[in-house]
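Reading through the structure tokens given below for one structure.
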Amino acid sequence: MIKNKKYRDPFKGMSFKGKPVSKEEYIAAYDGYVSRCSGMVEGDYHDTGNKIN
């Protein structure tokens, strides 16, 4: 177990069917993931620095 972990695991307790996508596909899908999160508030920023409207 990692001590003083900087980030929480967003996938804890989840599993996914099928084979994993490539790292490039995973990163490319990040903005779509952010737009589907229910906890986003107008004006929030995510790690890429883009304002969410």
Side-chain angles (χ1 to χ4, degrees):
M1 178 173 227
I2 300 172
K3 293 182 180 181
N4 299 321
K5 193 172 169 184
K6 185 175 179 178
Y7 302 104
R8 66 178 178 83
D9 181 356
F11 305 115
K12 185 176 181 178
M14 297 175 70
S15 63
F16 304 92
K17 291 184 179 181
K19 295 180 180 181
V21 298
S22 69
K23 188 172 184 176
E24 291 79 15
E25 288 176 291
Y26 178 81
I27 291 169
Y30 180 77
D31 286 334
Y33 155 76
V34 169
S35 70
R36 289 175 176 81
C37 288
S38 62
M40 292 302 297
V41 176
E42 186 176 329
D44 275 359
Y45 290 82
H46 54 82
D47 289 343
T48 62
N50 296 324
K51 188 172 183 178
I52 306 298
N53 292 319

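Quick caveat, the model's predicted, so the values are computed rather than measured.
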| said: For residues F11 and V21: do they belong to one hydrophobic cluster (side chain heavy atoms under 4.5 Å, members Ile, Leu, Val, Met, Phe, Trp, Tyr)? | reply: yes
| note | Only one of K23, E25, E24 passes side chain to side chain contact (heavy atoms under 4.5 Å, CB included) with I27, and that residue is K23
| query | Are M14 and Y26 in one and the same hydrophobic cluster, where Ile, Leu, Val, Met, Phe, Trp and Tyr link if side-chain heavy atoms are under 4.5 Å apart? | reply | yes
| field | Single-linkage hydrophobic cluster Y30~F16, side-chain heavy atoms < 4.5 angstrom | value | no
